[in-house]
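This report refers to the structure that appears directly beneath it.
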Amino acid sequence: MSGIIGRKLGMTQIFDESGAVVPVTVIEAGPCPVVQVRTEDKDGYAAVQLGFGAQKDSRASRAEKGHAAKAGLEAAPRVLKEFRFDAAPAVGENVTVDGFERGARVKVTGVTKGRGFQGVVKRHGFGGGRASHGATRIHRAPGSIGAGTNPSRVIKGKRMPGHMGDAQQTVRNLLVAKVDAERNLLYVRGAVPGPVNGVVYVTKQ
């Protein structure tokens with residue numbers, strides 16, 4: 001398999017053979033049941049749909065329950081995601097972290113932490129206005145945002161205050177530092193996007 005769905009547990013440190021400290025993010029990856037197999041003949045492309053977690057029966061829709069029942073699952077998965085594959089597994093099989101090796105390079109996709117509505121200093125790193133004598137209510141202001149008469153509008157794409165975070169982000173070229181198959185854990189060197197318990201997608205590069 002080329003990828004797996006997981007849950008970010010947080011960051012910690014481990015030691016390599018030389019005794020050096022390695023900062024890692026711990027990801028609980030799988031086991032992910034194969035819910036559906038896409039084929040070139042039927043769907044126009046080849047992929048495998050994996051599930052992760054389980055929804056409460058009261059929160060799952062009838063369509064979600066029926067889709068899970070076809071794969072032989074008792075509960076509808078909380079997350080569904082498609083991955084490309086080399087050899088298609090059968091529907092109902094579980095994909096685990098056994099498919100990853102220590103030292104492999106992966107990319108991790110997640111949704112960044114939401115920061116709410118933020119100003120330009122925090123959102124874009126602006127320096128802000130002066131703090132000297134005479135400065136009045138301009139300390140964290142964006143300053144001039146465009147010309148006056150021509151073009152008489154603010155150009156699109158201008159860096160302004162607004163909603164920060166809560167966006168999909170992919171971090172590439174991360175190193176798998178350790179694989180714990182018994183506990184379904186992946187130790188990835190470095191930081192990955194998202195909060196603790198956030199859903200992430202780990203894909204081989």
Side-chain angles (χ1 to χ4, degrees), residues 1-11 24-101 104-114 165-181 183-205:
M1 291 297 301
S2 63
I4 196 170
I5 309 171
R7 182 170 64 97
K8 177 180 173 179
L9 299 183
M11 292 196 71
V24 293
T25 300
V26 185
I27 300 173
E28 181 188 359
C32 297
V34 177
V35 182
Q36 189 176 11
V37 176
R38 304 284 191 178
T39 61
E40 291 279 358
D41 298 334
K42 184 178 180 181
D43 304 293
Y45 65 100
V48 169
Q49 186 184 79
L50 301 182
F52 180 74
Q55 294 191 65
K56 288 185 178 180
D57 189 64
S58 59
R59 293 184 177 177
S61 66
R62 291 177 63 185
E64 290 172 333
K65 293 176 185 177
H67 187 59
K70 284 184 178 180
L73 304 179
E74 296 181 359
R78 192 163 64 91
V79 182
L80 292 174
K81 175 73 173 176
E82 290 186 358
F83 295 93
R84 301 288 176 164
F85 63 88
D86 295 326
V91 173
E93 290 185 9
N94 282 329
V95 175
T96 65
V97 294
D98 290 332
F100 292 86
E101 299 176 350
R105 294 285 177 175
V106 296
K107 63 180 180 180
V108 180
T109 302
V111 177
T112 58
K113 293 180 180 179
D166 194 30
Q168 181 174 291
Q169 185 181 41
T170 299
V171 179
R172 302 178 185 276
N173 207 31
L174 295 175
L175 185 72
V176 176
K178 181 181 176 182
V179 178
D180 189 343
R183 296 190 293 171
N184 299 312
L185 298 179
L186 275 179
Y187 294 76
V188 179
R189 179 166 187 153
V192 303
V196 172
N197 293 326
V199 175
V200 294
Y201 308 118
V202 184
T203 310
K204 294 178 182 178
Q205 290 191 208

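Keep in mind the model is a prediction, meaning the values are calculated, not measured. Just so it is clear, the values below take in all heavy atoms, side chains as well, and ignore hydrogens, waters and symmetry mates.
The closest side-chain donor-acceptor pair between T96 and D98 falls under 3.5 angstrom.
Of the residues R7, K8, E28, the one that meets the side chain to side chain donor-acceptor pair (under 3.5 Å) test with N197 is R7. Of the residues V171, V200, T170, the one that meets the side-chain contact (heavy atoms from CB on, under 4.5 Å) test with P193 is V171.
The CZ atom of R84 sits 12.0 Å away from the OG1 atom of T203 when rounded to the nearest 0.5 Å. Here the CG atom belonging to D43 is positioned 8.0 Å from the CD atom belonging to E82, to the nearest 0.5 angstrom. Between the CZ atom of R78 and the CZ atom of R59 there is a distance of 10.0 Å, given to the nearest 0.5 Å. Here the OH-OG1 distance, from Y45 to T39, works out to 9.5 Å after rounding to the nearest 0.5 Å. One distance of note links CD1 of I5 with CZ of F83; it measures 5.0 Å at 0.5 Å rounding. Atoms CD and NZ, on Q169 and K113 in that order, are 12.5 Å from each other to the nearest 0.5 Å.
Minimum interatomic distance between G10 and V196 (heavy atoms only, all atoms of both residues): CA-CG2, 4.4 Å. Scanning both residues, L174 and A191, for their nearest heavy atoms gives CD1-O, 4.2 Å. Contact between A76 and A68 at its shortest, heavy atoms only, is CA-CB, 3.8 Å. Considering every non-hydrogen atom in both L50 and I4, the closest pair reads CD1-CA, 4.3 Å. Taking all atoms of both residues into account, the shortest heavy-atom contact from L73 to P33 is CD2-CB, 3.8 Å. Scanning all heavy atoms of the two residues, the minimum distance from P89 to E93 falls at CB-OE1, 3.4 Å.
Counting heavy-atom neighbours within 6.0 Å of Q205 CD, excluding the residue itself, gives a total above 12. The number of heavy atoms from other shown groups lying within 6.0 Å of CG (D57) does not exceed 12.
Under the 3.5 Å distance criterion, the side-chain polar atoms of K204 are left unmatched by any main-chain donor or acceptor of A104. Checking side-chain atoms of T112 against main-chain N and O of D166 turns up a donor-acceptor pair under 3.5 Å.
Side-chain contact between V95 and V34 is present, with at least one heavy-atom pair separated by less than 4.5 Å. At a threshold of 4.5 Å between non-hydrogen side-chain atoms, the residues Q36 and H67 count as touching. Side-chain contact between N173 and R105: present, with at least one pair of heavy atoms (C-beta onward) separated by less than 4.5 Å. For the pair L186 and V179, the minimum side-chain heavy-atom distance is below 4.5 Å.
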- prompt: Would L9 and L185 count as a side chain to side chain contact (heavy atoms under 4.5 Å, CB included) if you check the C-alpha gap in whole Å, the side-chain angles of each, and the deciding distance to 0.1 Å?
  reply: CA-CA 9 Å; L9 299 183; L185 298 179; 3.8 Å; yes

